[in-house]
Amino acid sequence: MIYLDHAATTPVDPQVLAAMQPYFSELYGNALSVHRYGQKADYAVEQARQTLAGLLNCKPSEIIFTSGGTESDNLALRGAAWAARQQGRGHHLITSPVEHSAVGRTVAQLVESMGFTATCLPVDAAGRVNPADFDRACVPGTTVASVMLASNEIGTLQPVAELAAIARQRGVLLHTDAVQAPGQLDLDVQRLGVDLLSLSAHKFYGPKGIGLLYVREGTPLLPVQTGGSHEAGRRAGTHSTPLIVGMARALALATAAQAQRISHYTARRDQLIAGLLARVPGLQLTGHPVDRLPGHASFTLPDVEANQLLMHLDLRGLAASSASACKTGSPEPSEVLLALGYAVAAARGGLRLTVGKDTTAADIDRAIDIVAEAVAALRRLGARSRLPV
Ligand code: PLP
């Protein structure tokens, strides 16, 4: 079986697993307990926070541990939007049509049920927002904007540093969902200039169920999950020490190997794109041809139904995705591809292949064969079903 769905999730690195192991058993204390069990857990949590802060170039106090990317996105948007409204600064939000649903549906709920207003920025055919459009969308009363660093579905990178500079001038907080970025893109929050940034460990060879939200010092944020005084009152709930330790180790490994991973990913991705475009008639690359995640290849096949293709690929030994993992299996056309201007048929024919650190050139050759065979087989079946009876 060849796994080309690393944008959906990655396996836990053995070094990460080894780092986490003791915190499931002998070091099981609650990090808020006063006794030595608690002290050891607290030490591990704070060491992990320091490691992560060093890797993101921020202060440890600017990191909030969450249960993953979805919660980080929810906390960023609701927390910052609620706090801004409470302070009487306004209730207008800005986002883009290519965001993950953790952002898109949170903004939709804020608008539909909580009295906020929002502007959804236009995107070009590659899925990019234009900084000039962003500037125009910042009006009096705009408080929070959210534009992702890199798309999980089409791989396209957004000009986040440029948007952050405009946001700062306009007094708007900028959140970026950077969930797809670790090991592939620069995550220095000072260079990016963002106020809020979401990460999720399972996308970079860490465990599932843990993420973080970077919150620039001084950014007003109301907690979304209330309870104990964890995370300086910003996110209640007992710390998962093993998962926090695992996330810090995983990000340290991803950052240390980043240059090597980028060249490895880029080589495999370009081999995949060139091979598939040469072998599969009618296949189109989606997203930006150059400014895209090094490990991300995405396509559309207007005459093929994505879910059928994915089943055929799985039976032949290739694990792939149509749009995002959250949407795979849905018969609805991809909203992201529709926003890029694709017709409904093309938006139903998305194919996403994302390479990982252990993907070999031989895996890619085999994957190209499998996709070419599966598409040809589906087209034969389609032609047969269209024969007059
Ligand atoms: N944001 C993006 C861009 C993602 O790709 C994902 C994962 O699918 C998420 C958010 C959600 O992250 P999690 O699975 O940790 O909730």
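For ligands, and for the atoms within them, numbers begin at 1 and follow the listed sequence.
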Atoms of ligand 1 close to [X] [distance to a heavy atom under 4.0 angstrom, numbered from 1]:
X: Thr70; value: 11 (C), 12 (O), 13 (P), 16 (O)
X: Lys203; value: 5 (O), 6 (C), 7 (C), 8 (O)
X: Gly68; value: 15 (O)
X: Ser200; value: 13 (P), 15 (O)
X: Asp73; value: 1 (N), 10 (C)

Who gets closest to atom 13 (P) of ligand 1 by heavy atom: Gly69, Ala8, Ala201, Ser67?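 Heavy atom nearest to atom 13 (P) of ligand 1 belongs to Gly69.
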Nearest heavy atom to atom 6 (C) of ligand 1 wins, so pick from Met148, His202, His100.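 It is His100 whose heavy atom sits nearest to atom 6 (C) of ligand 1.
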Please determine if Glu71 has a nitrogen or oxygen closer than 3.5 Å to a nitrogen or oxygen of ligand 1.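 In this structure, Glu71 places no N or O atom under 3.5 Å from an N or O of ligand 1.
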Heteroatom distance test (Ala150, ligand 1): nitrogen or oxygen, under 3.5 angstrom: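 N/O-N/O distance under 3.5 Å: no.
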Lys357: what forms a salt bridge (Lys or Arg N to Asp or Glu O under 4.0 Å) with it, not counting sequence neighbours?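 Expected list: Asp13.
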Proximity to ligand 1 by part of [X], non-hydrogen separation under 4.0 Å:
X: Val103; result: neither
X: Val179; result: side chain
X: Ala102; result: neither

Counting heavy atoms not belonging to Arg292, are there more than 12 under 6.0 Å from its CZ?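 More than 12 heavy atoms, drawn from other residues, nucleotides or ligands, come within 6.0 Å of this atom.
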Around Phe24, counting heavy atoms of other residues, nucleotides and ligands shown, do more than 12 lie under 6.0 Å from its CZ?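 Result for CZ/Phe24: enclosed.
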Centres of the Tyr37 and Tyr28 rings: under 6.0 Å?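 Yes, the ring centres sit under 6.0 Å apart.
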For residues 366-377, please give each side-chain donor-acceptor pair under 3.5 Å, one per line with the distance, not counting sequence neighbours.
residue, atom, partner, partner atom, Å
Asp369, OD1, Arg279, NH1, 2.9
Asp369, OD1, Arg279, NH2, 3.3

Drop me the distance from [X]'s [atom1] to [Y]'s [atom2], to the nearest 0.5 angstrom.
X: Leu340; Y: Asp124; atom1: CG; atom2: CG; result: 7.5 Å
X: His230; Y: Thr238; atom1: NE2; atom2: OG1; result: 4.5 Å
X: Leu56; Y: Leu199; atom1: CG; atom2: CG; result: 6.0 Å

